[in-house]
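One structure is given here, and the rest of the page talks about it.
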Protein chains: 2
Amino acid sequence: MLTALDSPIVLAPMAGGPTTPDLVSAVSDAGGFGFLAGGYLDADALGAAVAAVRKRTERPFGVNLFLPGERHGAGVASYRERLVAAGLEPGDPVWDDDGYPDKLALLLSDPVPAVSFTFGCPDPDAVSRLHAVGSEVLATITTPEEARQAAAAGVDGLVVQGVEAGAHRGVFENDPADPAGGPQYGLLALLRLVAAAVDLPLVATGGIVDGAGVAAVLAAGASAAQLGTAFLLCPEAGTKPAHRAALGDPERPATAITRAFTGRPARGIRNTFLDDHTDAAPAAYPQVHHMTRPIRAHGDPASMNLWAGQAYPLARSLPAAELVATLLEEAREATSRAAAGVAR
Amino acid sequence: MLTALDSPIVLAPMAGGPTTPDLVSAVSDAGGFGFLAGGYLDADALGAAVAAVRKRTERPFGVNLFLPGERHGAGVASYRERLVAAGLEPGDPVWDDDGYPDKLALLLSDPVPAVSFTFGCPDPDAVSRLHAVGSEVLATITTPEEARQAAAAGVDGLVVQGVEAGAHRGVFENDPADPAGGPQYGLLALLRLVAAAVDLPLVATGGIVDGAGVAAVLAAGASAAQLGTAFLLCPEAGTKPAHRAALGDPERPATAITRAFTGRPARGIRNTFLDDHTDAAPAAYPQVHHMTRPIRAHGDPASMNLWAGQAYPLARSLPAAELVATLLEEAREATSRAAAGVAR
C-alpha cells in the first residue's frame with residue numbers, strides 16, 4: 001500500500017488558494033493525507049509552502065503538479081473581444097507551462113512523500129526520477145484509456161476522477177470539440193471500469209463529501225477517497241469569501257462544466273459569467289485563465305469561478321481535524337449499513 | 001421496508017423487449033426483485049406479460065409505467081426531413097400517451113406488488129389508488145428537486161437514477177434547451193443529496209453492473225441497487241442480437257446521451273446514427289420514437305439504439321439466477337473490503 005493511502009481520507013489539491021499549508025498539515029496531522037496544490041505557483045512559492053507544511057506536521061503529505069499541454073490558440077482573440085464587449089476587463093492571453101520544469105526540479109531536489117499529476121500523463125522519465133528520490137507517483141485520470149496510459153508510464157497509483165468532481169477535469173487532452181471533457185464517466189462506473197483495466201491502487205475523487213461517500217468508493221474498489229469541496233468550508237482553507245458564501249447559499253444553484261474561466265473544462269456553481277460565456281469559451285488553457293484573472297480578482301460571485309463538486313450543498317463548516325474524524329466515523333457506520341444490506 | 005426492497009438486487013424495467021417475463025421471473029425467483037417494463041406495450045400485452053410472470057414464479061415483482069408528458073412538436077418536421085435526406089425511411093411522427101390510462105386501470109383492477117413510474121411525477125390520486133389496491137409506488141428521479149416533488153406526491157420510495165444509467169433518463173421535464181437532461185448528477189453524489197432531501201427508501205440505479213457497485217450504493221445510503229445493463233446479456237433477456245453483439249464488442253466505444261432515437265435524452269453506445277443526428281434531434285417524445293422505429297427495426301448496429309450504461313463493458317453473459325447469486329456474493333466481499341479500509 002502507498003504511503004498516500006495509509007488513510008482512506010485524502011485532501012484534494014485545490015489550486016488557486018484553498019489548500020493552504022494550514023489545511024494540508026491539519027488533514028495529515030488528523031490521520032488523513034494532505035495534498036498541496038502546486039498549480040499556478042512558481043517554484044519558490046511551492047518550496048515555501050512545502051516548508052510551511054513540514055513546520056506544522058511530521059506526517060507525510062503530497063504535492064500536485066499541473067502538466068503543461070499543447071498550445072491551442074484558436075478562438076482566444078474572439079473570446080477576449082466578447083469579454084470586452086460585455087464590459088469586462090480581461091488580462092492578456094498568455095500561454096505558459098505553469099513553471100512545470102522548475103517545480104519538478106524542486107521536488108527532485110527536495111522530495112515529498114507523494115507527487116500527483118493533473119492534465120496529462122507524466123512521462124516515464126519524470127516518474128523514474130521521482131521514484132529515485134523516494135516519492136510515490138500518482139496520475140489523475142478520467143477514463144479507462146487514460147488509466148492504461150498512466151499505468152504504462154509507471155505510476156504507483158491513480159486518482160480516478162468522476163464527472164461529479166468540482167474544479168478542473170483532469171482530461172489528458174483539452175479537445176476543442178469536446179467542451180465538457182471526454183465521456184464524462186460517473187465515479188462509480190469509472191472505478192469499476194478502471195479496476196478491471198489496470199492493477200494499481202485507486203484513489204476515488206468526485207462528489208464525495210461525507211463518510212457514506214467514502215465508504216461507497218472503498219466498496220467500489222478504491223483504496224482511498226480524495227475530497228476537495230468537502231474541505232472548502234474548513235477555517236484552515238484559503239477559500240475566498242465570496243466562494244465560501246456561494247457554497248453556503250440556501251438557494252443552491254446546480255453546478256455545470258465550463259471552459260469559460262480557464263479554457264479547460266471545470267465544474268463550478270452556475271452564475272452569470274458561466275451561463276453567459278460557456279458556449280463561446282475556447283479550449284485555450286491557460287490563456288483563458290490569464291485573461292479572466294483580473295475579472296475573477298474582483299471577488300464578485302456573479303463573475304468569478306465558484307468551483308464546486310456536485311454534492312457541494314452537503315459540505316460542512318468544521319475544523320479540518322474534526323472533519324477527518326467525522327468522515328471516518330460516518331464511513332464506519334456506512335460500511336456496517338452496507339453489510340446489513342447484503343446480509344438480508 | 002418495501003417488498004420491492006426485500007432484496008438488494010432489483011432488475012431495472014427495460015422497455016422495448018429486454019425484460020421478458022422469463023427474465024423478470026428468473027430474477028424474482030433467485031431472490032432479486034424483477035420489474036416488467038410497461039412502456040410501449042398496450043394494456044392487453046402488459047396484462048399478458050403480468051400473467052406470464054405469475055405463471056413462472058410466486059415471488060413478488062413490479063411493473064414500470066411511462067408517464068405521458070407534454071406534447072412538444074417543435075423541430076419534428078425538419079428532423080424528419082433530415083432523416084429522409086440521409087437516405088432513411090422514418091415512420092410517422094405520432095404523439096401518444098403510451099396507453100397510460102388503460103395500463104393504470106389494468107394495474108388497479110389486477111394489482112402487482114410494486115409499480116414504478118418514469119418520465120414524471122405520478123399524481124397523488126394515482127398514488128392513492130395504487131395504495132388502495134395494495135401496491136407499493138416508486139418514482140424515478142434524477143435530481144434532488146424531483147425527489148422532493150415525488151415525496152410530496154406520496155410515493156413509498158424513489159428510484160434514484162445517476163447520469164451513468166443506460167437508456168432513458170427519467171427527467172420529469174423534456175426540456176428542448178437541455179438535450180442531455182438536467183444537471184446530470186453522478187449516482188453517488190445524487191444519492192447523498194437525495195438522502196439529505198427526503199426521508200424515503202432509495203433504489204440506486206445507473207452504471208451498476210457488479211456486486212462491488214451494489215455494495216457501494218448500499219454504503220451510500222440506498223436500500224437496493226437497480227441494474228439494467230448488467231442483465232442484458234442473460235439468456236432470458238429479450239435483447240436484440242445486434243444489441244447483444246454491440247455490448248460484447250471488443251472495440252468498446254463509449255456511450256453518450258442522445259435524443260436522436262426517441263426525442264428524450266437516453267444513453268446508448270455511440271454509433272453512426274447517434275453521432276450523426278444527436279445535435280439535430282428535437283425534444284419531441286414519443287414522436288421521434290415512432291419516427292425512428294422502422295429504421296431501428298432493421299437491426300443494423302449503425303442505426304439502431306444500443307442502450308447501455310457507462311459500465312457496460314463489465315456486463316456478463318450468465319443465466320439470471322446465477323448473476324443474482326454472483327452479485328450478492330461480490331457485494332458481500334466488497335462490504336468486507338470497505339470495512340477493512342475504514343478500520344485502518
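Because the structure is predicted, anything quoted here is derived from the model rather than measured. The analysis underlying the following values was restricted to heavy atoms, covering all of them including side chains, and did not include hydrogens, waters or symmetry mates. Each chain gets a letter, A, B and so on, in the order the sequences are listed, and its residues count up from 1.
- Electrostatic pairing of A:R270 and A:D275 counts as a salt bridge here, judged by a charged N lying under 4.0 Å from a carboxylate O.
- Residue B:D249 holds its CG atom at 7.0 Å from CZ of B:R252, rounded to the nearest 0.5 Å.
- A:R169 has no carboxylate O lying under 4.0 Å from a charged side-chain N of A:E146, or vice versa, which leaves the two without a salt bridge.
- Taking CG of A:L11 as the reference point, atom CZ of A:F33 lies at 10.0 Å (rounded to 0.5 Å).
- Residue contact with chain A, scored on non-hydrogen atoms closer than 4.5 Å, involves the backbone and the side chain of B:A220 alike.
- Heavy-atom distances place no part of A:T143 under 4.5 Å from chain B, backbone and side chain included.
- Considering every non-hydrogen atom in both B:F61 and B:S28, the closest pair reads CB-OG, 3.7 Å.
- Between B:W307 and B:F261, the angle of the ring planes goes over 60°, which puts this pair in the perpendicular group of the 30/60° scheme.
- Looking only at heavy-atom pairs under 4.5 Å with chain A, the residue among B:S7, B:A212, B:A340 that has the most is B:A212.
- Contact between A:L328 and A:P8 at its shortest, heavy atoms only, is CD2-CG, 3.6 Å.
- Residues of residues 177-193 of chain B that come closer than 4.5 Å to chain A, counting heavy atoms only, are B:P183, B:Q184, B:Y185, B:G186, B:L187, B:L188, B:A189, B:R192, B:L193, ordered by residue number.
- With a 6.0 Å radius and a threshold of 12 heavy atoms from other residues, nucleotides or ligands, A:E145 has its CD atom above the threshold.
- Between chain A and the options B:A311, B:G207, B:G309, heavy-atom pairs under 4.5 Å are most frequent for B:A311.
- Looking only at heavy-atom pairs under 4.5 Å with chain B, the residue among A:G31, A:G221, A:G206 that has the most is A:G221.
- Annotation: B:E173, atom CD; neighbour count of heavy atoms from other residues, nucleotides and ligands within 6.0 Å does not exceed 12.
- Neither the backbone nor the side chain of B:S336 comes within contact range of chain A; no heavy atom of the residue lies under 4.5 Å from a heavy atom of that chain.
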**Worked check of side chain to side chain donor-acceptor pair (under 3.5 Å) between A:E322 and A:T326** = CA-CA 6 Å; A:E322 195 177 330; A:T326 301; 5.3 Å; no

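- Contact annotation for A:Q310: both backbone and side-chain heavy atoms come within less than 4.5 Å of a heavy atom of chain B.
- Interface remark: A:A256 contributes no atoms to any contact with chain B (heavy atom separation under 4.5 Å).
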